[in-house]
Structures are given as C-alpha cells and as structure tokens.
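Scope of the values below: all heavy atoms of this structure, side chains included, with no hydrogens, waters or symmetry mates. For ligands, and for the atoms within them, numbers begin at 1 and follow the listed sequence.
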Amino acid sequence: PQKQTVKVTFILRDGSRSEVDATVGDNLLDIILEHDVDIDGFGACEGTLACSTCHLIFKQEDYDKLPSKPTDEELDMLDLAFGLEDTSRLGCQVIVTKDLDGMVVTVPQGVADARSGPL
Ligand code: FES
C-alpha cells in the first residue's frame, strides 16, 4: 500500500521553515533524519531516551492531538532539556498521525545532551 504522508513544518533555530512530507507512523526523529532537516546535535541517542537533544516544542492544538502522552522516562529526560515549555516533547517519542497534518513544530534555540551537560 502507498505510504500516507502529512505535511509537517519545522521552524529552525534561525527562524527558517522546513516543510516535509512526513510518513504516518514514523516518529519525528526518523522524519527529521530521513528528510535531512538540518538541526545541530539532534537525536544524539538515536531515539533511546538517553538524551534530550530531540526536544521539540508544539503548538497547544497540535500537542493535544499527539497520539501518546509522555511516559515518566520521557518526562524525566524533558526536565533536562533546554528551554522546556508546557508543550514540549521528545521528537523520538512522537509518532505522526493523519490528524497532525499541517502541524508546525518549533526547534528550541538550544540543545542540552543529558549525557554530557549543556553544550
Ligand atoms: Fe535521544 Fe530522543 S533522540 S531522547
């Protein structure tokens, strides 16, 4: 079957926007890697919940539509993330669904790798 995709826009640190066709069922880390979205230091632990470099900030309306709530492990990791917001999630834990078509995700201005402290 044909892969379903939705539009996801990333607002990068320099304010530029990158719109990609995100495959439904993939997580945002995979999508960022697949589309070569250029975010320094992103996804350092390759989705194993051992860093917080995949931190992304969602609009409230999109955040409310995300298919899963953060686990305790994710929340612990988010606590270490740079620039935490109420609508922060770790990109590697967020699966794209059809409902999320058109969502806009902000890349935080800084990155902190929980394994090595702030960069
Ligand atoms: Fe490290 Fe998501 S890539 S926690």
Side-chain angles (χ1 to χ4, degrees):
Q2 271 237 306
K3 281 199 199 163
Q4 264 189 321
T5 63
V6 295
K7 298 277 185 213
V8 176
T9 301
F10 297 98
I11 301 179
L12 305 181
R13 293 191 184 118
D14 65 0
S16 65
R17 286 168 174 252
S18 177
E19 186 188 81
V20 303
D21 292 313
T23 304
V24 170
D26 281 359
N27 70 54
L28 287 172
L29 171 63
D30 290 340
I31 287 161
I32 283 167
L33 296 179
E34 182 186 337
H35 293 277
D36 288 325
V37 181
D38 190 16
I39 308 172
D40 237 19
F42 198 88
C45 79
E46 299 175 341
T48 57
L49 268 184
C51 71
S52 56
T53 64
C54 62
H55 174 207
L56 294 170
I57 301 166
F58 295 82
K59 294 201 291 185
Q60 185 72 52
E61 67 208 71
D62 296 326
Y63 184 85
D64 292 339
K65 284 192 260 176
L66 299 180
S68 64
K69 299 268 173 273
T71 60
D72 288 347
E73 287 80 9
E74 180 179 346
L75 291 174
D76 285 351
M77 230 7 107
L78 272 173
D79 275 342
L80 306 171
F82 181 97
L84 187 67
E85 302 271 345
D86 287 344
T87 56
S88 291
R89 291 291 303 265
L90 292 179
C92 68
Q93 304 300 308
V94 173
I95 306 288
V96 171
T97 63
K98 272 201 294 185
D99 274 1
L100 295 171
D101 191 25
M103 85 168 156
V104 178
V105 182
T106 302
V107 177
Q109 282 301 320
V111 68
D113 187 332
R115 300 169 306 173
S116 61
L119 296 177

Practice item. Confirm or rule out an N/O/S atom of C54, from backbone or side chain, lying less than 2.8 Å from atom 1 (Fe) of ligand 1. Key: no
Check your understanding: Is a side-chain donor-acceptor pair under 3.5 Å present for D99 with T97?
Key -> no
Check your understanding: Would you say the side-chain atoms of T53 pair up with the backbone N or O of G43, donor to acceptor, closer than 3.5 Å?
Key -> yes
Point to revise | Where A81 and H55 come nearest, the two heavy atoms and their spacing | key: CB-ND1, 3.6 Å
**Study point:** Per-atom contacts of ligand 1 with C92, taking only distances under 4.0 Å to non-hydrogen atoms
**Key:** 2 (Fe), 3 (S), 4 (S)
Point to revise | Heteroatom test (N, O or S) for C45 near atom 2 (Fe) of ligand 1, limit 2.8 Å | key: no
Check your understanding: Is atom 1 (Fe) of ligand 1 less than 2.8 Å from an N/O/S atom of C51, whether that atom is in the backbone or a side chain?
Key -> yes
Review point. Does F58 offer a backbone N or O that forms a donor-acceptor pair with the side chain of T87 under 3.5 Å?
Key: yes
Review point. What atoms of ligand 1 come within less than 4.0 Å of a heavy atom belonging to G43?
Key: 3 (S)
Point to revise | Interfacing atoms of ligand 1 (cut-off 4.0 Å, heavy-atom, L49) | key: 4 (S)
**Study point:** Minimal non-hydrogen separation, L100 against D62, with atom names
**Key:** CD2-O, 3.9 Å
**Study point:** Closest heavy-atom pair and its distance - R89, L78
**Key:** C-CD2, 3.8 Å
Review point. Going by the order shown, which atoms of ligand 1 are within less than 4.0 Å of some heavy atom of G47?
Key: 3 (S)
